[in-house]
Q: 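Let me begin by handing over the structure; questions about it come next.
Below, chain A is the first sequence line, B the second, and so on; all start at residue 1. Basis for what follows: all heavy atoms, side chains included, without hydrogens, waters or symmetry-related copies.
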There are 2 protein chains.
Amino acid sequence: MGEIELVLKKHQIRPTAIRLLMYRFLTEKNVAVTLNDIEAGFDKSERTTLYRTIKTFEKKGLVHQIDDGTGVAKYALDENTLKVGDSQDLHLHFHCTKCNETTCLTDHKIPHISLPKGFVSKDMNLVIKGICDKCSNT
Amino acid sequence: MGEIELVLKKHQIRPTAIRLLMYRFLTEKNVAVTLNDIEAGFDKSERTTLYRTIKTFEKKGLVHQIDDGTGVAKYALDENTLKVGDSQDLHLHFHCTKCNETTCLTDHKIPHISLPKGFVSKDMNLVIKGICDKCSNT
DNA sequence: GAAAAACATGCAACTAAAGTGCATAATTAA
DNA sequence: TTAATTATGCACTTTAGTTGCATGTTTTTC
Ligand SMILES: [Mn+2]
Ligand SMILES: [Mn+2]
Ligand SMILES: [Zn+2]
Ligand SMILES: [Zn+2]
């Protein structure tokens, strides 16, 4: 049994063909991908199935959705897909306005923010927009 | 000439009837509003015109768009609509997952974030999700 | 003040992404 | 092996955002 298969099983995801392929696809990318990216990465592809697959991954804690402000949802593998349970990273995301790529800066956690009285924080999303390393080194 | 009329003119926006109404509508709200909210706030309303109006306001630096992760754009008046010129606030936004309201926390600026080498920051968006003061005091 | 130019509005139509319903296929449980 | 569950494929719907174009209104020019 392959390693990917084990990862999926650990997350209670039945390792079907498409799921194995999508997981591999995600590991090969080091930036967040849209559903369109995923769709383009497969010859034989059924949009709905890919959609439901990535949503399954999300629900089971294998990937996290990123809203970088472009209006289309992006997805990236969680940092530690080997460990189960949400280890809520709350790292920040960088969106390059030149190449349109969005990167997980997993080493950069969102700093603590003090809120006005009565406000209770449950989750955070910090997106920094600018020029990425690849695009600035040209 | 009314005060609102002057504010619009200062921002190089021709003070038409709808624009005056929308500006007043925005000042009366203390939370960010969607285009649907705006539309619902007017008896006689043409969605496209309201859309173009809010976009004009945005372009002219009267309102800023907020992406709180719900998938629908929200808008709120800039802090100092009396001053012209983008005084890029970069304050944080709070989205209440209970009442779905999004609030500008204009006093809470986004802290400085250090980025990896090569990454250049141009803009930031920090949204905190949780329970707002109104919803937690019940 | 009349004509021309610029800008605003209303209506229809389009786009893109997200999501649902349902039939069929495949897998797992009984 | 049968029944139950889950996955997949296809069509279709929903919603937000956006554009094209004709008409209305305001501003500029002469
Ligand atoms: Mn990430
Ligand atoms: Mn704001
Ligand atoms: Zn880039
Ligand atoms: Zn609330």
Q: Could you grab the distance from atom OG1 of A:T16 to atom CD of A:E5, nearest 0.5 Å is fine?
A: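 Result: 10.0 Å between the selected atoms.
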
Q: Once you round it to whole Å, what is the distance between C1' of D:dC10 and CD1 of A:I18?
A: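 Distance, rounded to whole Å: 13 Å.
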
Q: Whole angstrom is fine here: how far is it from CZ in B:F42 over to P in C:dT9?
A: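 Interatomic distance, CZ of B:F42 to P of C:dT9: 11 Å.
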
Q: Rounded to the nearest 0.5 Å, what's the gap from CG on A:N125 to CG on B:L92? Could you check?
A: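 Spacing of CG (A:N125) from CG (B:L92) equals 12.0 Å.
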
Q: Estimate the overall bend of the helix from C:dG1-D:dC30 to C:dA30-D:dT1 from the end axes over five pairs each, rounded to 10 degrees.
A: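 Result, rounded to 10 degrees: 20°.
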
Q: Between atom NZ in A:K60 and atom C1' in D:dA7, what is the gap in whole Å?
A: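 About 13 Å, once rounded to whole Å.
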
Q: Would you tell me whether A:Q65 and A:K55 have side-chain atoms, one donor and one acceptor, within less than 3.5 Å of each other?
A: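 A:K55 and A:Q65 do have a side-chain donor-acceptor pair below 3.5 Å.
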
Q: Between C1' on D:dT27 and CD on B:Q12, what's the gap in Å once rounded to a whole number?
A: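 My rounded result for the distance is 15 Å.
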
Q: What N/O pairs connect the protein and nucleotides 13-23 of chain D at under 3.5 Å? Give each pair on its own line.
A:
unit_1	atom_1	unit_2	atom_2	d
D:dA16	OP1	B:N36	ND2	3.1
D:dA16	OP2	B:N36	ND2	3.3
D:dG17	OP1	B:A73	N	2.8
D:dT18	OP2	B:Y51	OH	2.5
D:dT18	O5'	B:Y51	OH	2.8
D:dG20	O6	B:R52	NH2	2.8

Q: Centroid-to-centroid, B:H108 to B:H93, below 6.0 Å?
A: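 No: the rings miss the under 6.0 Å criterion.
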
Q: Figure out the CD1/P separation between A:I38 and C:dA17, and round it to whole Å.
A: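 Atom-to-atom, A:I38 to C:dA17, this comes out as 13 Å.
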
Q: Do side-chain atoms of A:K109 reach the backbone of A:T106 as a donor and acceptor pair under 3.5 angstrom?
A: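 Yes, because the side chain of A:K109 sits within donor-acceptor range (under 3.5 Å) of the backbone of A:T106.
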
Q: Quick one: NE2 on B:H95 to CD1 on B:I66, what's the gap to the nearest 0.5 Å?
A: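 B:H95 NE2 to B:I66 CD1: 11.0 Å, rounded to 0.5 Å.
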
Q: When the distance from CG of A:L50 to P of C:dA17 is rounded to whole Å, what number comes out?
A: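 Value for this atom pair: 14 Å.
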
Q: Yes or no on side chain to side chain contact (heavy atoms under 4.5 Å, CB included) for A:N36 and A:V72, after CA distance, side-chain angles and deciding distance?
A: CA-CA 9 Å; A:N36 279 335; A:V72 276; 5.6 Å; no

Q: Can you tell me the distance, in whole Å, between the CD1 atom of B:I13 and the P atom of D:dT27?
A: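 Going from CD1 in B:I13 over to P in D:dT27 covers 14 Å.
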
Q: Choose from D:dT8, C:dT9, D:dC10 the nucleotide whose nearest atom is closest to any side-chain atom of B:T49.
A: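 Shortest atom-to-atom distance from the side chain points to C:dT9.
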
Q: Between the side chains of B:K74 and B:T102, does any donor sit under 3.5 Å from an acceptor?
A: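 Short answer, yes.
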
Q: How long is the straight-line distance from OH of A:Y23 back to OG1 of A:T53, given to the nearest 0.5 Å?
A: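 The distance works out to 15.0 Å.
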
Q: Rounded to whole Å, please give me the gap between CD in A:E46 and P in D:dG9.
A: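 Value for this atom pair: 6 Å.
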
Q: Just by protein heavy atoms under 4.0 Å, how would nucleotides 23-30 of chain C read 5' to 3' in B, S and -?
A: -----S--

Q: Against B:H64, only a single residue in B:E79, B:H91, B:E58 fulfils side-chain hydrogen bond (donor to acceptor under 3.5 Å, both in side chains); can you say which?
A: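 Of all the options given, the one that passes is B:H91.
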
Q: How many angstroms lie between atom CG of A:D78 and atom NZ of A:K60, to the nearest 0.5 angstrom?
A: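 Answer for the CG-NZ pair, A:D78 versus A:K60, is 14.5 Å.
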
